[in-house]
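Just so we're clear, the structure is a prediction, and the values are computed from it rather than from any experiment.
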Amino acid sequence: MDENIYENAWLEGGRNALQHAAMTAIYDELTYIDMGEPVDVEGIVSSLLEQDYEDCDVFVKSAAIYAIKYHDEAIAKFNEHMTKWTFDRLNRVEQAILLLAYVHFYAIEKTVSKNVVISVAVTLSKIYLDDKSRRFINGILDNVLVRE
């Protein structure tokens with residue numbers, strides 16, 4: 001599939017742009033966490049969207065907040081479903097995409113379809129990752145995103 005389709009969606013705005021922004025905010029948060037620095041969610045989101053935090057999109061703010069709130073829970077859940085691998089061994093883009101999918105499914109839109117969340121993750125993976133990583137993300141999310 002043509003990567004420019006997704007890049008154009010980012011530039012034009014809309015839901016795809018919000019998904020990119022949310023993933024980028026989570027990526028930035030993971031960077032702060034890895035550096036042992038305090039995470040300034042408001043600063044990350046407002047800087048990324050280039051507007052006052054109060055005016056930023058609710059989905060992006062929610063994703064950034066819930067990624068911190070459910071960080072440890074999500075990682076534990078992903079680690080349960082990984083064999084010969086752990087979450088901390090994934091690159092930061094993979095981690096951000098997985099955390100976004102987790103909070104989207106379990107915290108932000110509790111009625112969203114698993115297939116929709118996986119589709120968003122795979123779309124982001126097509127832009128930033130190789131085919132092997134995209135297949136991994138698809139597979140791990142299929143196992144982790146389960147409504148009880």
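A donor-acceptor pair is defined here as one N or O able to donate and one able to accept, closer than 3.5 Å; such a pair exists between the side chain of Q95 and the backbone of L90. In terms of modelled atom types and a separation under 3.5 Å, the side chain of S119 and the main chain of N115 share no donor-acceptor contact. N91 places a side-chain N or O within donor-acceptor distance of the main-chain N or O of E94, the cut-off being under 3.5 Å. The closest donor-acceptor contact from the side chain of S133 to the backbone of L129 lies at 3.5 Å or more, if one exists at all. The backbone N or O of F105 sits less than 3.5 Å from a side-chain atom of R147, completing a donor-acceptor pair.
S62 contributes atom OG, which lies 8.0 Å from atom CZ of F59 (distance to the nearest 0.5 angstrom). How far NE2 of H71 is from CG of L99: 6.0 Å, rounded to the nearest 0.5 Å. Between the CZ atom in F136 and the CG atom in L98 there is a gap of 6.5 Å [rounded to 0.5 Å]. Residue I44 holds its CD1 atom at 5.0 Å from CD of E29, rounded to the nearest 0.5 Å. Annotation: the span from I65 atom CD1 to E42 atom CD amounts to 8.0 Å, rounded to 0.5 Å. Distance check, rounded to the nearest 0.5 Å: OG1 of T123 to CG of N16 gives 7.0 Å.
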>> Could you go through M23 and I26, starting from their C-alpha distance and side-chain angles, then the distance that decides it, and tell me whether this counts as side chain to side chain contact (heavy atoms under 4.5 Å, CB included)?
In response: CA-CA 5 Å; M23 186 213 63; I26 293 169; 5.8 Å; no
> Given the rule in the side chain to side chain contact (heavy atoms under 4.5 Å, CB included) test, do V41 and K61 qualify, once you have shown the distances and angles that lead to the verdict?
Replying inline: CA-CA 8 Å; V41 173; K61 291 192 288 191; over 6 Å; no
>> Using side chain to side chain contact (heavy atoms under 4.5 Å, CB included), reason through V103 and K69 one step at a time and then give a plain yes or no.
In response: CA-CA 9 Å; V103 299; K69 181 176 180 178; over 6 Å; no
>> I97 vs S125, test: side chain to side chain contact (heavy atoms under 4.5 Å, CB included). Steps then yes/no.
In response: CA-CA 8 Å; I97 291 171; S125 299; 3.9 Å; yes
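Atom CD of E80 has more than 12 heavy atoms from other residues, nucleotides or ligands within 6.0 Å. Within 6.0 Å of OH on Y32 lie no more than 12 heavy atoms contributed by other residues, nucleotides or ligands.
Taking the six-membered ring where the residue is Trp, the centroids of Y66 and H104 are separated by 6.0 Å or more.
For the residue pair T31 and D28, no side-chain donor N or O sits within less than 3.5 Å of a side-chain acceptor on the partner. No hydrogens or angles considered: a donor-acceptor pair under 3.5 Å links the side chains of Y102 and E73.
Nearest approach of K110 to Y106, heavy atoms of both residues: CE-O, 3.2 Å. Residues L18 and V60 share a closest heavy-atom pair of O-CG2, 3.7 Å. Nearest heavy atoms, H81 versus K77: CD2-O, 3.1 Å. Taking each heavy atom of A25 and L48 in turn, the nearest pair found is N-CD2, 3.7 Å. Smallest separation of non-hydrogen atoms from L145 and A101: CD2-O, 4.2 Å.
Both the sub-6.0 Å distance and the 45° axial angle are not jointly satisfied by R134 relative to the ring of Y128.
Classified by interplanar angle (parallel below 30°, tilted 30° to 60°, perpendicular above 60°), the ring pair F87/F78 is parallel.
Tracing side-chain contacts under 4.5 Å through hydrophobic residues (I, L, V, M, F, W, Y), one never reaches V58 starting from L100; they form parts of separate clusters.
Using a cutoff of 4.0 Å between basic side-chain nitrogens and carboxylate oxygens, D142 and K114 are scored as salt-bridged.
Between E109 and V117 the shortest side-chain heavy-atom distance does not fall below 4.5 Å.
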